[in-house]
J.: 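Here it is: the structure, laid out below.
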Amino acid sequence: MDQTQIEREIKSLVNVPHQFSFENGVTITKVEHDLCEGELAVGPDSINPGGYVHGGALVTLADTVAGCCACSRGGDCVTANESFEFLRTAGGPKIFCRAVPKKMGRTLRVIQVELTDSAGRTVAAGTFTFFMTEV
């Protein structure tokens, strides 16, 4: 499968109704070999009681984008582990996530993420490990 087909397949699986991430405002915007980008459309359902983006919404964005990066060479995966740091409060109309690999093994893939707000400030970062269920 070539890279265009991989991107099309990933987007057709993730960016559709009744998928958890999509229903929570996450959209995958770019899938390339060893790179993935996505965004969270901040809405009333993604806000915590303090008026900022809920940490669970940020982790959902990061996990989704990182998983798509892990599959950017093809295959399917499940999250095996994650480490995530909230660095500042997040707000604005959108939160952006960029994911790149630290290690792309046959069975384990380790992906780094950085989340930024609409002003370009880093709001969170993390590392996700994925078990490849099919390569």
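We use all heavy atoms of the structure for the numbers below, so side chains are in, but hydrogens, waters and symmetry mates are not. None of these values were measured; they are calculated from a predicted model.
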J.: If you count the non-hydrogen atoms of other residues, nucleotides and ligands that lie under 6.0 Å from OH in Tyr52, is the total more than 12?
T.: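 No - once you tally the heavy atoms of other residues, nucleotides and ligands closer than 6.0 Å, there are 12 at most.
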J.: At what distance, to the nearest 0.5 angstrom, does NZ of Lys102 lie from CD1 of Ile111?
T.: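 Interatomic distance, Lys102 NZ to Ile111 CD1, rounded to 0.5 Å: 10.5 Å.
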J.: Calculate, to the nearest 0.5 Å, the distance between atoms CD and OG belonging to Gln5 and Ser12 respectively.
T.: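 Spacing of CD (Gln5) from OG (Ser12) equals 11.5 Å.
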J.: Answer yes or no: is there a side-chain heavy-atom contact under 4.5 Å between Cys77 and Phe131?
T.: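 Not touching, per the 4.5 Å side-chain cut-off.
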J.: Measure the CG-CG distance between Asn24 and Asp45 for me, rounded to the nearest 0.5 Å.
T.: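 If I round to the nearest 0.5 Å, the distance is 8.0 Å.
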J.: Determine, step by step, whether Arg73 and Met104 satisfy the side chain to side chain contact (heavy atoms under 4.5 Å, CB included) criterion, reporting the C-alpha distance in whole Å, the side-chain angles of both residues, the deciding distance to 0.1 Å, and the verdict.
T.: CA-CA 9 Å; Arg73 296 181 184 180; Met104 292 291 268; 3.4 Å; yes
J.: Decide if the gap between the ring center of Phe84 and the ring center of Phe86 is smaller than 6.0 angstrom.
T.: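 Aromatic pair counts; centres sit under 6.0 Å.
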J.: Of all heavy-atom pairs between Cys97 and Leu61, which one has the smallest distance, and what is that distance?
T.: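 So the minimum-distance heavy-atom pair works out to CB-CG, 3.7 Å.
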J.: For the atom pair SG (Cys71) and CD1 (Ile6), what is the distance rounded to the nearest 0.5 Å?
T.: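 If I round to the nearest 0.5 Å, the distance is 9.5 Å.
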J.: For a quick test of reading the model, state the closest non-hydrogen atom pair linking Glu32 to Gln3 and the distance between them.
T.: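 Of all heavy-atom pairs spanning Glu32 and Gln3, the closest is C-NE2, 3.3 Å.
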J.: In chain order, what residues pass the salt bridge (Lys or Arg N to Asp or Glu O under 4.0 Å) check against Asp76, with sequence neighbours excluded?
T.: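 Not a single residue meets the salt bridge (Lys or Arg N to Asp or Glu O under 4.0 Å) criterion with Asp76.
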J.: Find out whether Thr116 and Val123 are in side-chain contact, i.e. whether some heavy atom of one side chain is under 4.5 Å from a heavy atom of the other.
T.: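 Result no, sub-4.5 Å side-chain heavy-atom pair not found.
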J.: Ignoring hydrogens and geometry beyond distance, is a side-chain donor-acceptor pair present between Asp63 and Thr79 at under 3.5 Å?
T.: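 Thr79 and Asp63 do have a side-chain donor-acceptor pair below 3.5 Å.
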J.: Apply salt bridge (Lys or Arg N to Asp or Glu O under 4.0 Å) to Lys94 and list each qualifying residue two or more places apart in sequence or on a separate chain.
T.: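 Partners of Lys94 by the salt bridge (Lys or Arg N to Asp or Glu O under 4.0 Å) criterion, ordered by chain and then number, come out as Glu39.
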J.: Do the side chains of Lys11 and Glu9 get close enough for a salt bridge, i.e. N-O under 4.0 angstrom?
T.: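 Looking at Lys11 and Glu9, the cut-off is not met.
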J.: Under the criterion side chain to side chain contact (heavy atoms under 4.5 Å, CB included), I'd like the reasoning laid out for Phe128 against Val110: C-alpha separation, chi angles, the key distance, then a yes or no.
T.: CA-CA 6 Å; Phe128 288 76; Val110 182; over 6 Å; no
J.: Testing the basics here: between Ser72 and Leu35, what is the closest heavy-atom pair and its distance to 0.1 Å?
T.: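 So the two residues come closest at OG-N, 4.1 Å.
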J.: Please determine whether residues Phe130 and Val100 belong to a single hydrophobic cluster, defined as Ile, Leu, Val, Met, Phe, Trp and Tyr linked transitively by side-chain heavy-atom distances below 4.5 Å.
T.: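 No: no chain of side-chain contacts under 4.5 Å links Phe130 to Val100.
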J.: Rounded to the nearest 0.5 Å, how far does OG of Ser83 lie from CD of Gln112?
T.: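 Nearest 0.5 Å value for the CD-OG distance: 10.5 Å.
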J.: Looking only at atom types and distance, does a side-chain atom of Ser21 sit under 3.5 Å from a main-chain N or O of Val26, one as donor and one as acceptor?
T.: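 No, Ser21 side chain to Val26 backbone: no donor-acceptor pair under 3.5 Å.
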J.: Would Ile28 and Cys36 count as a side chain to side chain contact (heavy atoms under 4.5 Å, CB included) here? Give the steps.
T.: CA-CA 8 Å; Ile28 298 300; Cys36 189; 3.9 Å; yes
J.: By side-chain hydrogen bond (donor to acceptor under 3.5 Å, both in side chains), which residues pair with Asp117, not counting sequence neighbours?
T.: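 side-chain hydrogen bond (donor to acceptor under 3.5 Å, both in side chains) check on Asp117 returns Arg121.
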J.: Just verifying a value: how many Å separate Ile10 CD1 and Cys68 SG, rounded to the nearest 0.5 Å?
T.: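 Between atom CD1 of Ile10 and atom SG of Cys68 there are 5.5 Å.
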J.: Could you tell me if Glu114 and Thr122 have a donor-acceptor pair between their side chains, going purely by distance under 3.5 Å?
T.: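 Side-chain D/A pair, Thr122 to Glu114: present.
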J.: Output, in order, the C-alpha distance, side-chain angles, deciding distance and verdict of side chain to side chain contact (heavy atoms under 4.5 Å, CB included) for Gln19 and Val14.
T.: CA-CA 6 Å; Gln19 289 298 311; Val14 178; 5.8 Å; no
